[in-house]
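Side chains included, hydrogens not; waters and symmetry mates left out as well; all remaining heavy atoms used. As the structure is a prediction and not an experimental result, all values here were calculated from the model.
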Amino acid sequence: MSEKEKASDQTEIYKPELFSTTPHPHLIAGRCKSCRKYTFPKYYACPFCFSDDLEDSPLSPTGILHSFTIVRRSFPAYPVPYGLGLVDFPEGVRVMAQIETDKPEELKLDMKMGITVGPIRKGKDGKDILSYKFRPLS
Amino acid sequence: MKDVYILGVGTTACGKFPEKGAHILGREAAWAAIKDAGIHPRKIEIAFCGHVYQGMGVGQRTLKEIGLVGQPTVNVEGACGSGTLAFWEAWRTIAYGQYDVALALGVENLSRILSGGPLPLEEDDIEVFMGMGMPSLYAMRAKRYMEEYGVTAEQLAKVVVKSRKHAALNPIAQFRKETTIEGVLKSPMIADPLTRDQCCPVGDASAAAVLCSGELVDKLATKKPIKVLGCVAQSGKYTSPTKLTCDPSENVSRTSGMAYEMAGLGPEDMDVAEIHDAFSIAEMIVCEALGFCEKGAGARLIDEERTSLGGDIVVNPSGGLLSRGHPVGATGLLQTAEIVWHLRGEAGKRQVEGAKVGIIETMGGAQPAMDGVTCVVSILGV
């Protein structure tokens, strides 16, 4: 049983189809079998060539932090503060996700980021909902 | 394509009016626009009502208050661009010859659903579920923009200082008190680097415009008619991985480029602009996309006071979204009314002297892989 499946026994996981923790944490994009371009997430038809022949395709485990913010006021289900970032992956997609870090002051534009899994918000029952997040790689 | 004119505009004040439903605000603005046009209400053949959060049939609910029943009434939603999308619908139904007289209305009561904090967004969008609000999206744009172009927090704050200064002269503005760079930067941090005063407020209002065809304008006009020289609506394109954050918005560039072409004019011909400054950074990015300055030069426009009253391209003399207010579905028609007042010479203390041509830009929504949901650009002239 993978780590992700174990966690899902007790915890709500948001969009489990968009990431995997094995063999190492990474995101799962869509890739067009016709024009070979990537999108995140996978769409129903390719926005570049309109082919509907799309496949799941793993993204590189690391990307570059294009921009970020520390959110200090948010929607009720989101404990503040939290980091939110845009990361560019070598496959040509930019993904937005929360950033897991104890030291937000050490975040810098263009730094290398990896993927991790952690709480992103509270569910209706008040319990954490988990999903993919970025983490700074030093 | 037929010529289209604006015969009249009307608005409510902007502010928090939880006791007034959208239909109460809406009837006031629609009636004011019809009175301003000086036509009999029955001349209106079709109505479009822009809104975001006001529920089923809000246009019909509003217009029955003033006897405008029976005609087709179309409720229009395009996120924060809903009001100008309703205007675009009214323009095109006349331009393409289906009707001759149309009402464009925008209504929103936000204070009934929200006391403060970020605008509720659609949780089916992954990024929204991940915790993205409009302030945090613009904060990321600001962060990258500041780094790329060496823009400072003080320069961002100057956008708000200018906005409040203009709004102090606007009787319908939500915030009419002038502020300082220090005051803006000392307000609570919402999402770094954007402080509260760099984010548009929660507010309520309505605004409306009466449009007619060139064939009827001489017969119907009681005031100086304002010609719609260009009007274009476009959706965002799939932009990842293009530079979503710091480049001038592709959507605004594309839409305004088409509107300039339709009008046969360029950015240098614009005397006054009402643009979508939902956040301080937005004004800089949009000024670049509209061609008022080079890429990365948005802060210099502010520093040189070229966009302040008295400058060569006055941006947001109303105070814009930051200070006049941003009652989402009403915003586009509030902007339109402001430009009409300037072109008629009716803008009071904030009048841009001799304004002959004005531009309106509205940007709706956050679709992170797309550059906005809806962009509408109109160019008006006398």
Next item on the list: Check the pair Leu84(A) / Leu137(B) against side chain to side chain contact (heavy atoms under 4.5 Å, CB included), numbers first and verdict last.
Entry: CA-CA 9 Å; Leu84(A) 190 68; Leu137(B) 178 66; over 6 Å; no
Check: Within the side chain of Arg144(B), is there an N or O that forms a donor-acceptor pair under 3.5 Å with the backbone of His66(A)?
Finding: yes
Next item on the list: Could you tell me which of Ala191(B), Pro193(B), Pro188(B) has the largest number of non-hydrogen atom pairs under 4.5 Å with chain A?
Entry: Ala191(B)
Notebook entry, point to check: In Å, rounded to the nearest 0.5 Å, how long is the span from CZ of Phe68(A) to NZ of Lys143(B)?
Noted result: 3.5 Å
Note to self: Less than 4.5 Å apart, side chain to side chain, heavy atoms only: is that true for Met96(A) and Met132(B)?
What the structure shows: yes
Notebook entry, point to check: Is the number of heavy atoms from other residues, nucleotides or ligands under 6.0 Å of Arg176(B) CZ greater than 12?
Noted result: yes
Checklist line | Interchain contact, Pro81(A) with chain B, by part (heavy-atom threshold 4.5 Å) | finding: neither
Item checked: Region of Pro135(B) that comes under 4.5 Å of a non-hydrogen atom in chain A -> neither
Item checked: CD1 on Ile190(B) to CZ on Arg72(A), rounded to 0.5 Å -> 10.5 Å
Checklist line | Partner residues of Ser74(A) under the side chain to side chain contact (heavy atoms under 4.5 Å, CB included) criterion, sequence neighbours left out | finding: Val71(A), Tyr78(A), Val80(A), Tyr82(A)
Check: If you take all heavy atoms of Gly133(B) and Phe75(A), which pair is closest and at what distance?
Finding: CA-CZ, 3.8 Å
Check: Is the Phe129(B) ring parallel, tilted or perpendicular to the Tyr14(A) ring (thresholds 30°, 60°)?
Finding: parallel
Next item on the list: State whether the side chain of Ser67(A) and the backbone N or O of Arg141(B) hold a donor-acceptor pair below 3.5 Å, judged by distance alone.
Entry: no
Item checked: ring-ring contact (aromatic ring centres under 6.0 Å, His included) partners of residues 109-138 of chain A, not counting sequence neighbours, each pair once -> Phe19(A)-Tyr132(A), Phe40(A)-Tyr132(A)
Notebook entry, point to check: Which residues from residues 99-112 of chain A are near chain B, with near meaning under 4.5 Å between non-hydrogen atoms?
Noted result: Leu109(A), Asp110(A)
Margin query: Can you tell me if Glu294(B) has over 12 outside heavy atoms packed within less than 6.0 Å of its CD?
Written below: no
Check: So, for Thr69(A) and Asp192(B), which heavy atoms are closest and what is the spacing to 0.1 Å?
Finding: OG1-O, 2.6 Å
Next item on the list: Name the region of Leu114(B), side chain, backbone, both or neither, that has any atom closer than 4.5 Å to a heavy atom of chain A.
Entry: neither
Notebook entry, point to check: Under 4.5 Å, heavy atom to heavy atom, which residues of residues 119-127 of chain A contact chain B?
Noted result: Ile120(A), Arg121(A)
Next item on the list: With a 4.5 Å cut-off on heavy-atom pairs, point out which of Ala139(B), Gly131(B), Gly117(B) contacts chain A the most.
Entry: Gly131(B)
